[in-house]
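Let me begin by presenting the structure, written as structure tokens, before commenting on it.
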Amino acid sequence: MTTPVLELRNLTVDIPTRHGTLRPVDDVSWSIDAGEILGVVGESGAGKSMTGNAVIGLLDPPAHISGGEVLLEGERIDNVSPAQMRRIRGKRIGMVFQDPLTSLNPLLTIGDQLSETILRHLDVTKSEADARAVRGLDEVGIPSAKNRMGAYPHEFSGGMRQRVVIALALCAEPTLLIADEPTTALDVSVQAQITALLKRLCRERGMAAMLVTHDMGVIAETADRVAVMYAGRLAEIGPVSQIVGQPRHPYTDGLMASTPAASAGKARLRQIPGAMPRLGKLPTGCAFHPRCPKVQDKCRVDPGPKVGIADDRAACWFPIEKAEDVA
Ligand SMILES: Nc1ncnc2c1ncn2[C@@H]1O[C@H](COP(=O)(O)OP(=O)(O)O)[C@@H](O)[C@H]1O
Ligand SMILES: [Mg+2]
């Protein structure tokens, strides 16, 4: 058995507040192998970003990891010093966020930003770093990369800027990429290009990726496996074909049915009634039960069964059986 690139074991994040402790990430376990893209989906507020930020040690206090472990290539990284974590970020974990401007320094040319990052993390000369920076820009599809090295972030379009951010995230050759809504801020026409780019780069480099998005279309095109989150918990995890085509958790089913891209060719779009509960007001039992078309008494009392690391199954007492029609 090979060691996964990223493994979460019962990861739990707490936010202490005056009104009690909120738990945006509750006992989440999964792993991502080299070359694999795990899509993480769920409505806004599901805990997707909190999970990603916990992995890279960038939770905003007072939010903190209160339980479980994060392992990068088999080593725990949830308990390392801030200095060690800074070295891991950038070198072993690349990051791409929704807004490319947050990742770029407006006062530095993109060439300087890339070569500085390369010099910080790799043992190369300045001229080798510059050469690698040009190659990186070229690889992500920046036209005439060499001539653009001296340009500043504001001189690029949104889509080109996100390409620069991807080049920056990958220039130190990380084994793991965490991309949080990388295409959400971009024009629809550019989204597909960026998605395809991320997929190609993961394949070519054998990199593991955690791709956070609320866009099921992006997931269907990109992910190998998909983790579905609801109210901080893992609702279901499995191969993309199963999640999109044969969902077992009624929440996953509702999410798919409400997405044009995922439900193409199927019945009309339908919305999940109601909204995701606020963290301070989580329902008893399964957090999804007030919105669930299949709710039964047990669901109001008992949280769903746990989804194990290796199990492709749903945290639901009454999962949808194959070929069953719940519409
Ligand atoms: N500083 C904070 N204080 C209290 N709640 C927070 C804070 N930051 C985020 N949350 C809550 O944590 C939950 C998870 O947020 P997030 O991970 O950003 O969701 P997602 O990325 O899936 O949209 C949400 O309910 C959000 O309201
Ligand atoms: Mg988010």
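Ligands are counted one by one from 1 in listed order, and the atoms in each one are counted from 1 as well.
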Residues 148-156, side-chain donor-acceptor partners within the protein, below 3.5 Å, at least two apart:
unit_1	atom_1	unit_2	atom_2	d
Arg148	NH2	Glu155	O	3.4
Glu155	OE2	Tyr152	N	2.8

For the pair [X] and [Y], find out whether any cationic side-chain nitrogen is under 4.0 Å from an anionic carboxylate oxygen.
X	Y	result
Glu236	Arg248	no
Glu128	Lys126	no
Asp138	Arg135	no

If the cut-off is 2.8 Å, does any N/O/S atom of Gln98 fall short of it from the Mg ion (ligand 2)?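 Within the cut-off used here (under 2.8 Å), Gln98 places no N, O or S atom near the Mg ion (ligand 2).
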What pairs of residues pass the ring pair (Phe, Tyr, Trp, His ring centres under 6.0 Å) test when at least one of them lies in residues 192-248, not counting sequence neighbours? Tyr230-Tyr251, Tyr230-Phe288
Close residues (non-hydrogen atom under 4.0 angstrom from ligand 1) work out to Ile15, Leu22, Pro24, Glu43, Ser44, Gly45, Ala46, Gly47, Lys48, Ser49, Met50, Leu279
Using the test side chain to side chain contact (heavy atoms under 4.5 Å, CB included), find all partners of Asn10 that sit at least two apart in sequence or belong to another chain.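 Checked Asn10 against side chain to side chain contact (heavy atoms under 4.5 Å, CB included); matches are Asp27, Ser29, Lys306.
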